[in-house]
Number of protein chains: 2
Amino acid sequence: MSSDFNIENFYYNFSCNCNKVQKKTFSKGQVITTYIQKRNQLCILLKGNADLVRYDLNGNRTIVEHLSKNALFGEVFYKVTINNELLVEAKTKCTVLFYIYDQLKEPCTKKCEFHSTLSEHLPELILNKITELNTRIELLTQRTTRDKLLMYFSLISTRKLSKTFELPLSLTDLADYLSVDRSAMMRELKLLKEDKMVDKIGNRIILLYE
Amino acid sequence: MSSDFNIENFYYNFSCNCNKVQKKTFSKGQVITTYIQKRNQLCILLKGNADLVRYDLNGNRTIVEHLSKNALFGEVFYKVTINNELLVEAKTKCTVLFYIYDQLKEPCTKKCEFHSTLSEHLPELILNKITELNTRIELLTQRTTRDKLLMYFSLISTRKLSKTFELPLSLTDLADYLSVDRSAMMRELKLLKEDKMVDKIGNRIILLYE
DNA sequence: CATAATATGTAGCTTATGCAACAGAAAAAA
DNA sequence: TTTTTTCTGTTGCATAAGCTACATATTATG
């Protein structure tokens, strides 16, 4: 469980020449992939930041996931899907590996190390994924915008081991991520400042409670 | 991916005598497990229905997950956790298998078939889990109670291949599951009926649109 | 069967949130 | 640099949703 496997480390040794994996680079704003069923694509973000976004019928944009280095994504996680369109947008320059999950399970004919190491560590990577999703669910089940904000801040704070941190998302994106209206979120942020719960200097958040 | 592995089928042949797995039975209302970090428990619900619930500081109860036959749950999915208490409550009589995830990865010294089959199919089971979690997230990112209800109904309808179906949850539990106030949900349900979007006879929902 | 406990259905009041709109700041592009 | 675009910060208004409370129906349980 507490293995220190790190995709990044062995990415630099990347030399998988089997045809089961594709490496591609994307520039900011490009669509990395759309979720069209049946391909069972599994992707790994090696470099950069991207968002998995959904546009619903009312035109609302939701950031379903915020993806950063080493994140797993792809259709393989969305077998049963709703009719909304899901797409992954590069927020910065991105490097991405593409697999087909079903092929990944089969042994690699060329016995490339990357391939086998990845297969071996896949359960672990997937468990990390589940943990993230559960955290996301805890965020979204918060009833009020205030509680969502406080929990989000608390999560980042724990991750950074500091009561002061830079927001990894723009405020506009944060609202989409928390699934709330942006102006309502701004208002609540102001109230949190007035209540001396948090402070905010530019992009920097300072937690004042406890 | 599209393998037909079914835990249930081979559960009847269950005869794992290694000490790495425990089978227990619970009666309605009992607490099956609480999520206390560091044990890395992985559980499978073989029979019955249960809820993973969270009680927050305001006394709100949230059904984090509604677990039915073959569901996976346990601490292993909650490595990073928030301070709220998570517990699994039996809604009906339940039969549950308990593992320790780290031990599951190691080969079974007694070579029992159950153990090895489970290990083999774990990635598949876990992927199913992810799909469920993503569906849940789609539900929770719906902005209004109406949209949450409609999406929930649509999901069940798709699953049952019918525009008519019994609700698998009580209305009280459904509200907790959708993370909304019960009375507000009831009001919205009434409006949906008035708008001739859905009909409801007792526990039975009939979708009227399309 | 009687009684308790839980679930359903409804209403009034209050508040949080969504929506629209706009001005200024910051960042990106030309 | 200048221009354009995106992001931030704020407000008024309308309404969805939360809270409380209660009556009835349904389901457990002694």
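Residue numbering restarts at 1 for every chain, and letters A, B, ... go by the order of the sequence lines.
- With contacts defined as side-chain heavy-atom distances shorter than 4.5 Å, the pair L150(B)/L192(B) qualifies.
- Between the CG atom of L171(B) and the P atom of dA25(D) there is a distance of 16 Å, given to the nearest Å.
- Distance L149(B) CG to dA17(D) C1': 12 Å, rounded to the nearest Å.
- In this structure, D181(A) places its CG atom 13 Å from C1' of dA16(D), rounding to the nearest Å.
- Ring geometry for Y177(B) versus Y152(B): interplanar angle over 60°, hence perpendicular rather than tilted (30 to 60°).
- A search for salt bridge (Lys or Arg N to Asp or Glu O under 4.0 Å) contacts involving R159(A) returns nothing, not counting sequence neighbours.
- Protein atom CE of M185(B) is 11 Å distant from nucleotide atom P of dG18(D), rounded to whole Å.
- What separates CE of M186(A) from P of dA25(C) is a distance of 14 Å, to the nearest Å.
- When heavy atoms are screened at a 4.0 angstrom cut-off, K148(B) is found touching no nucleic acid atom at all.
- Phosphate proximity of dT8(D) to K190(A): absent, as no side-chain N or O sits under 4.0 Å from OP1 or OP2.
- Where A184(B) and T172(B) meet DNA chain C, the nucleotide closest to each residue was compared, and T172(B) sits on the side nearer the 5' end.
- Distances shown here put a side-chain N or O of T145(A) below 4.0 Å from the OP1 or OP2 atom of dT17(C).
- The nearest heavy atom of DNA chain D to R143(A) and to L189(A) marks one nucleotide each, and the one closer to the 5' end goes with L189(A).
- Regarding contacts with the backbone of dT8(C), every side-chain N or O of K200(B) stays at 4.0 angstrom or more from both OP1 and OP2.
- For the pair R146(B)/D195(B), a side-chain contact is recorded, criterion being any heavy-atom separation below 4.5 Å from C-beta on.
- The phosphate of dG9(D) (OP1 or OP2) has no side-chain N or O of S183(A) nearer than 4.0 angstrom.
- Listed pair T144(A) / dA16(C) fails the phosphate criterion, with no side-chain N or O lying under 4.0 Å from OP1 or OP2.
- Nearest heavy atoms, M185(A) versus L171(A): CE-O, 3.3 Å.
- If you measure from atom CG of L178(A) to atom P of dT17(C), you get 12 Å, rounded to the nearest angstrom.
- Rounded to whole Å, the distance from CD1 on I205(A) to P on dT8(D) is 11 Å.
- Atoms CZ (R187(A)) and P (dC19(C)) sit 12 Å apart, rounded to a whole Å.
- Side-chain atoms of R182(B) stay outside donor-acceptor range of the base of dG18(D), with no qualifying N/O pair under 3.5 Å.
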